[in-house]
Amino acid sequence: MERGSTPRELGPKLNRSAGDVIRFLFLQGEVVTATQSLTDEMIELFAAEIGATVRLVDPGEEEEAQLQARYFEEDEDDEATGELRPRPPVVTVMGHVDHGKTLLLDRIRSANVVASEAGGITQHIGAYQVQAAGQAITFIDTPGHEAFTAMRARGAEVTDLVVLVVAADDGVMPQTVEAIDHARAAEVPIVVAINKVDRPDADPNRVMQQLSERGLVPEAWGGDTIMCEVSALDGTGIPELLDQIAVVAEVEELRASPEGRARGVVLEANLEVGRGPVATVIVKRGTLRVGDPLVAGSAWGKVKALVNDRGEALKEAPPSTPVQVLGFSEPPSAGDVFRATVDLNTARTIGEARERRYRVAGHAPSPGAPGAKLEDIFEQIQRGETATLNLVLKSDVQGSLEAITDSLRKLERDDVKLSFVHRGVGGVTENDVQLAAASNATIIGFNVRPDRRARELAGERGVEIRTYEIIYKLIEDIESAMVGMLAPEFEEVVTGEAEVRAVFRVPRVGAVAGCYVREGVITRGSKVRFLREGVVIWRGTITSLRRFKDDAREVQSGFECGVGLSDFQDLKEGDLIETFEEREIPRS
């Protein structure tokens, strides 16, 4: 039986009438109509009463199972007969926050990712393939903060080997233990990188002792766990670490068939201006090629382009290759399995069937549970009422959206419920504000901003929009609201907004944005956010401001000006420059 079935649907399947179901439930104290959806308990209760066994499935689950059996059966046959060949290992880098995982990868790939992360904390999964120790190795960098447990667990599912980074001066921490648990659950070998050995207070032996207590005994002490002492800062021990990874990968005898249609896992997905939905995937078997039709969750499409981590276009991606895929109908969910299909029609049929299922089984706000604003939550709790906090959640990428959702769900208590009215990727729009107004919800934006019209509408409708760039703060605020300690000391006030209408390249200066001030005042030296389609792509300050050829301290709305930004050159026409200041507000 599908969950939420009505007495009219349930009765005939059990050789009973809808009236029999209604009568039985009435005697149990439940008043229902023939067309009313029944809870799982009601269905199971009636089935038990007449001695029947029912299996409850999500709406559309049976339809999808039939589609999968019809379209993917021959794929399984292809995989069974395909020749297995050696493939690069997929290595997940795990460890506690700030123990140097991303810096370690920087050393390996000679790039700089850390500087672009808010607060120096990795917020998204990154996947890179490097040539090391004479072979290709695919690395997945997972965020270290506990809020990204779901993303990290997903990283462990696609991985062949885990590199556990532990700081020599800090030792085993809560997320180190969590990472060990994930690796063990995925049944993959662990190589330990004891990082920061260059620090004066480094104590590698203490780390080895702590890890031994967790069942990871070093080879040097008679165990079977490889441990390498490294310094991500000066490069010490990195070649040895790569050699050990290559040795472990060789022992594991990693093989996959490059024949047949591709299958793999979506690590990350987001919407990009000019490119549409972009998904970062790892191919697990088969070969993914440009032009292949594919489906991942409810998203479907045809591969328009494959791009590797260095930004190079590829024609095909064999097993263990991480690539960005362009061509999906919408951003798939991180963790979705993607599969190439026979043709585009098959991909569409499966994707649309799944979408129907997700839509019917979607988590709508509980009926009869009106939402409360963040500030009102504690008052309701004090009065002994059950408060429901309705949220519209927007994020820049799919992975963060899931991680934040999981973290916020953990905050739920008996007296405070969370209801996600809508979750999505991209900037905060007018539609989001209208939805929030209709359902009395608060809008939470992570690494995204509302556009001007959304801001104005929110002001008119009294909708609260809170935006964050670091996940700690987001979760702290929601948690604080629940315990009545929400004390915002500052509020961000947007002081000006300018649209980039032309970009000029000036020798020895770089890119200068020719702007039209649409609202407020643009002031030299003010804090600035750079927005592209509502998503924050850069933060900094305005270093130079000109009207014609003269320096200006400020430029009012309705005028044009030239804007020079600190350390940012990726300017494009149509981008928005938003200046803001933080103003202290008294606690009411």
Side-chain angles (χ1 to χ4, degrees), residues 68 71-94 125-130 135-142 150-163 182-183 185-189 245 248-250 252-269 278-290 292-297 299-301 303 306-309 314-325 327-328 332-342 346-347 350-351 398-399:
Q68 302 235 60
Y71 290 121
F72 292 143
E73 202 169 345
E74 65 183 76
D75 285 5
E76 308 296 340
D77 296 340
D78 287 351
E79 285 165 14
T81 56
E83 183 193 345
L84 297 177
R85 295 183 199 157
R87 63 171 177 80
V90 178
V91 180
T92 302
V93 183
M94 290 185 176
I125 284 185
Y128 326 99
Q129 195 166 66
V130 300
Q135 68 170 15
I137 301 176
T138 298
F139 283 95
I140 303 176
D141 174 22
T142 56
M151 292 169 75
R152 198 157 59 241
R154 201 159 49 235
E157 282 168 15
V158 298
T159 197
D160 304 309
L161 186 151
V162 164
V163 170
H182 284 317
E187 298 179 349
V188 293
I245 290 171
V248 174
E250 202 172 312
E252 290 292 301
E253 293 186 341
L254 304 169
R255 294 174 177 274
S257 169
E259 308 300 324
R261 285 189 279 274
R263 187 199 294 190
V265 178
V266 177
L267 289 180
E268 192 53 276
V278 177
T280 302
V281 307
I282 282 195
V283 180
K284 294 193 80 172
R285 58 184 68 168
T287 300
L288 187 63
R289 296 178 174 85
V290 173
D292 280 355
L294 78 171
V295 62
W300 55 275
V303 180
L306 297 172
V307 182
N308 67 12
D309 58 284
L314 304 178
K315 287 187 177 175
E316 58 181 38
S320 295
T321 307
V323 284
Q324 282 192 328
V325 176
F328 276 110
S333 294
D336 277 345
V337 171
F338 80 83
R339 300 187 69 147
T341 59
V342 189
T346 301
I350 295 170
Q398 189 72 43

Report yes if some heavy atom in the side chain of [X] is under 4.5 Å from a heavy atom in the side chain of [Y]; otherwise report no.
| X | Y | result |
| --- | --- | --- |
| Pro322 | Thr138 | yes |
| Gln398 | Glu268 | yes |
| Tyr128 | Ile140 | no |
| Val325 | Val303 | yes |

Is the backbone of [Y] close enough, under 3.5 Å, to the side chain of [X] for a donor and an acceptor to pair up by distance?
| X | Y | value |
| --- | --- | --- |
| Asp309 | Gln129 | yes |
| Thr159 | Val90 | yes |
| Thr287 | Pro318 | no |

Subject >> Residues Arg85 and Glu259 bridged, charged N to O under 4.0 Å >> reply: yes
**Asked** Does a salt bridge link Lys284 with Asp160, judged by any charged N lying under 4.0 Å from a carboxylate O?
**Response**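 Not counted as a salt bridge, because no side-chain N and carboxylate O are separated by less than 4.0 Å.
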Which heavy atom of [X] sits nearest to which heavy atom of [Y], and what is that distance?
| X | Y | result |
| --- | --- | --- |
| Gly286 | Pro319 | O-CD, 3.3 Å |
| Phe139 | Val130 | CE1-CG2, 3.4 Å |
| Ala136 | Pro88 | O-CB, 3.2 Å |
| Arg87 | Arg255 | NE-O, 3.8 Å |
| Val295 | Ala347 | CG2-O, 3.8 Å |
| Gly351 | Trp300 | CA-CD1, 4.1 Å |

Open item on the list: Run the side-chain contact (heavy atoms from CB on, under 4.5 Å) test on Val188 and Leu161 for me, step by step, so that the C-alpha distance in whole Å, both residues' side-chain angles and the decisive distance to 0.1 Å come before the verdict.
Closed with: CA-CA 5 Å; Val188 293; Leu161 186 151; 5.8 Å; no
Can Arg285 and Ser257 be said to form a side-chain hydrogen bond (donor to acceptor under 3.5 Å, both in side chains), step by step? CA-CA 6 Å; Arg285 58 184 68 168; Ser257 169; over 6 Å; no
**Item:** Value rounded to 0.5 Å, distance of CG in Asp336 from CG in Leu267
**Value:**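 Going from the CG atom of Asp336 to the CG atom of Leu267 covers 11.5 Å.
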Rounded to the nearest 0.5 angstrom, the OG-CG distance for Ser320 and Leu254 is 7.0 Å
Of Leu294, Leu288, Val342, the one forming a side-chain contact (heavy atoms from CB on, under 4.5 Å) with Arg261 is Val342
Margin query: For Val307 and Val323: C-alpha separation, side-chain torsions, deciding distance, then whether side-chain contact (heavy atoms from CB on, under 4.5 Å) applies.
Written below: CA-CA 5 Å; Val307 182; Val323 284; over 6 Å; no
Check: For Glu252, does the CD atom have more than 12 heavy-atom neighbours from other residues, nucleotides or ligands under 6.0 Å away?
Finding: yes
Margin query: Between Ile282 and Thr321, is the side-chain contact (heavy atoms from CB on, under 4.5 Å) condition met? List the steps.
Written below: CA-CA 6 Å; Ile282 282 195; Thr321 307; over 6 Å; no
